[in-house]
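Here the structure is laid out as structure tokens; the discussion comes afterwards.
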Amino acid sequence: RPGRPWTSAAVAAPYDHRVDISAGLVIAGAIGAVIGAMVTYLWRFSERTQRTVAEQPTPVVPPGAELVLSVLSSSAVLIDSADTVVKASAPAFAMGIINDDRLEPPELMSLVRQVRRDGQVREADLSLQPKRGTTAHIHARVAPLTSRLILVLADDRTREQRVESIRRDFVANVSHELKTPVGALNLLAEAVGEAKDDPEAVVRFSSRMHLESERLTRLVQQIIDLSRLQNDILSDDATA
């Protein structure tokens, strides 16, 4: 009205409730988006964690296998599906059948692949030539240990093979050598019987029989010595 002073109440704009509702909706939407993002992140993190745990590879070497390999007198080697040596005992390295992480002799690797194909245990006597240049004779036993591992056990039979070769040669030679004194003794015995009335001939034949009997005794002693040598080797192998 004219002449009436203006007051703050008179000039204040009317209050609009729609502003508060819109602001509340915006804040609620922002909070919902943050919560949704956090839930999605936690869900994906949990899924990745579970997948990582589930995809952890099982140990290649079974628990306790390393301890067993360390006490074996045989050369022991574990080979995986990629033909890689994953574990080997000290005698295996000393025998020279391992080169870096590979089983060196192709004959042994052939046995390993055959066992991997059909799962059947195999044994074989092999003559190998490691890098040191000497021929080694081994008895190998190959068997599946797990679905991924093949176990190779190898025993060095080089010394036994050498003794066996000497024995065969010796027996062949002795068999030939024994024929001479045995045949001579038979002939001399007949000669002594026929010369019973000739003392000088009897003395001569008996002297010859004595020489042949000494020769026969030496051959028998050599056979006994060879037998003792074989027994000593067997005793050493049993206590090794």
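Hydrogens, waters and symmetry mates play no part in the numbers below; they use all other heavy atoms, side chains included.
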Drop me the distance from Leu78's CG to Lys87's NZ, to the nearest 0.5 angstrom.
8.5 Å
Pairs flagged by salt bridge (Lys or Arg N to Asp or Glu O under 4.0 Å) wherever residues 183-195 is involved - sequence neighbours left out:
none
Rounded to the nearest 0.5 Å, how far apart are OG1 of Thr84 and CD1 of Ile79?
9.0 Å
Any heavy-atom pair between the side chains of Arg218 and Arg215 that's under 4.5 Å?
yes
For Glu123, what residues pass the side-chain hydrogen bond (donor to acceptor under 3.5 Å, both in side chains) criterion, not counting sequence neighbours?
His139, Arg141
Quick one: does any side-chain atom of Asp100 pair with a main-chain N or O of Arg102 as donor and acceptor, under 3.5 Å?
no
State, with a plain yes or no, whether a side-chain heavy atom of Asp125 is found less than 4.5 Å away from one of Ile138.
no
Hey, what do you get for OG (Ser110) to CZ (Arg122), rounding to the nearest 0.5 Å?
9.0 Å
Check Pro181 against Glu212 and note the closest heavy-atom contact, atom names and distance.
CA-OE1, 3.3 Å
Heavy-atom pair of closest approach, residues Leu185 and Met209
CD2-O, 3.5 Å
side-chain hydrogen bond (donor to acceptor under 3.5 Å, both in side chains) with Arg113: which residues, sequence neighbours excluded?
Asp83
Taking side-chain hydrogen bond (donor to acceptor under 3.5 Å, both in side chains) as the definition, give me every residue that meets it alongside Ser74, ordered by chain and number, with sequence neighbours left out.
Asp155
For a quick test of reading the model, state the closest non-hydrogen atom pair linking Ser127 to Glu107 and the distance between them.
O-OE2, 4.3 Å
side-chain hydrogen bond (donor to acceptor under 3.5 Å, both in side chains) involving Glu200 - partner list, sequence neighbours excluded
none
When hydrophobic residues are tied together by side-chain contacts of less than 4.5 Å, even through go-betweens, does Leu187 share a cluster with Val192?
no
Salt bridge (Lys or Arg N to Asp or Glu O under 4.0 Å) partners for Arg117, two or more places apart:
none
Would Val112 and Leu103 count as a side-chain contact (heavy atoms from CB on, under 4.5 Å) here? Give the steps.
CA-CA 10 Å; Val112 169; Leu103 197 63; 4.1 Å; yes
Rounding to 0.5 Å, atoms CG (Leu211) and CG (Leu188) come to a distance of 9.5 Å
Quick one: does any side-chain atom of Thr158 pair with a main-chain N or O of His137 as donor and acceptor, under 3.5 Å?
yes
Please report the closest heavy-atom contact between Gly119 and Pro144, naming both atoms and the distance.
O-CG, 3.6 Å
With a sphere of 6.0 Å drawn around CZ of Arg116, does it hold more than 12 non-hydrogen atoms of other residues, nucleotides or ligands?
yes
Locate the shortest heavy-atom distance separating Ala76 from Ala92; write the atom from each residue and the value.
O-CB, 4.0 Å
Counting only N and O atoms by type, is there a donor-acceptor contact under 3.5 Å from the side chain of Ser165 to the main-chain atoms of Arg162?
no
One should read off an interatomic distance between Ile98 CD1 and Leu108 CG, to the nearest 0.5 angstrom, of 10.0 Å
Would Met109 and Phe93 show up in the same hydrophobic cluster when neighbours are defined by side-chain heavy atoms closer than 4.5 Å?
yes
Of the non-hydrogen atoms in Leu149 and Asp80, which two are nearest, and what is the gap between them?
CD2-CA, 3.9 Å
Mind checking whether Ile150 and Val142 have side chains closer than 4.5 Å, heavy atoms only?
yes
Main-chain N/O of Val203 paired with Ser207 side-chain donor or acceptor, under 3.5 Å
no
How many angstroms lie between atom OG1 of Thr217 and atom CD1 of Ile224, to the nearest 0.5 angstrom?
9.5 Å
